[in-house]
Amino acid sequence: VDMLASAPPDHYRQATKLLLADTAIDSLLVIFIPPLVTEAKEVARAIGEGSAGTRKPVLANFISARGAPPGTRLRPCTQATPCARSKAGW
């Protein structure tokens, strides 16, 4: 699903929920490059809310020239929910 740069966080929440509810979908990969008009933190929160309760894997990749925007971690890093940093060292 290609989201427009002007898509508000609620569109991400709705899309996440709908996609994860589809039995033909095994997992969800979100690639988000923050535009000037949308707060990455709010989109991360919306994806987290939209994926709440699912047992399907959800990977959200927030891309920025200065590393991951603050507040974009969906869940704490654990063995069950690993986190990774880029080789750029952010």
Side-chain angles (χ1 to χ4, degrees):
V1 176
D2 186 5
M3 304 291 282
L4 298 174
S6 61
D10 191 53
H11 289 187
Y12 286 88
R13 182 181 300 104
Q14 291 175 23
T16 299
K17 228 178 213 185
L18 288 170
L19 290 166
L20 291 172
D22 189 326
T23 57
I25 304 280
D26 294 341
S27 60
L28 181 63
L29 168 64
V30 180
I31 300 173
F32 181 77
I33 301 171
L36 297 175
V37 297
T38 306
E39 288 289 325
K41 184 177 181 178
E42 296 303 316
V43 171
R45 181 178 294 125
I47 294 167
E49 291 170 358
S51 64
T54 189
R55 296 183 56 86
K56 297 178 182 181
V58 177
L59 172 64
N61 184 0
F62 287 76
I63 299 172
S64 171
R66 293 184 211 112
T72 55
R73 181 168 289 161
L74 299 179
R75 294 181 179 89
C77 296
T78 66
Q79 186 173 1
T81 310
C83 298
R85 293 187 175 200
S86 73
K87 290 184 180 182
W90 53 262

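Count residues from 1 along the sequence. All values below were derived from every heavy atom in this structure, side-chain atoms included, with hydrogens, water molecules and symmetry-related copies excluded.
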### Task
Please tell me if the side chains of Val43 and Ile47 come closer than 4.5 Å, counting only heavy atoms from C-beta onward.
yes
#### Entry: Closest contact, heavy atoms only, Ala46 versus Pro9
CB-O, 3.1 Å
### Query
Measuring from Arg45:CZ to Glu42:CD, what's the distance to the nearest 0.5 Å?
4.5 Å
### Query
Can you hop from Phe32 to Leu18 via hydrophobic side chains spaced under 4.5 Å?
no
#### Entry: Hydrophobic cluster membership, Leu29 vs Ile33, 4.5 Å side-chain cutoff
yes
### Message
To check you understand the geometry: which heavy-atom pair defines the closest contact between Leu20 and Gly50, and what is its length?
### Response
CD1-O, 4.2 Å
### Summary
When rounded to the nearest 0.5 Å, the distance separating NZ of Lys56 from CG of Leu19 is 9.0 Å
### Query
salt bridge (charged side-chain N to carboxylate O under 4.0 Å, His left out): which pairs involve residues 6-15, sequence neighbours left out?
Asp10-Arg13, Arg13-Glu49
### Task
Under the side chain to side chain contact (heavy atoms under 4.5 Å, CB included) rule, what do Ser27 and Leu59 come out as? Steps first, then yes or no, please.
CA-CA 8 Å; Ser27 60; Leu59 172 64; over 6 Å; no
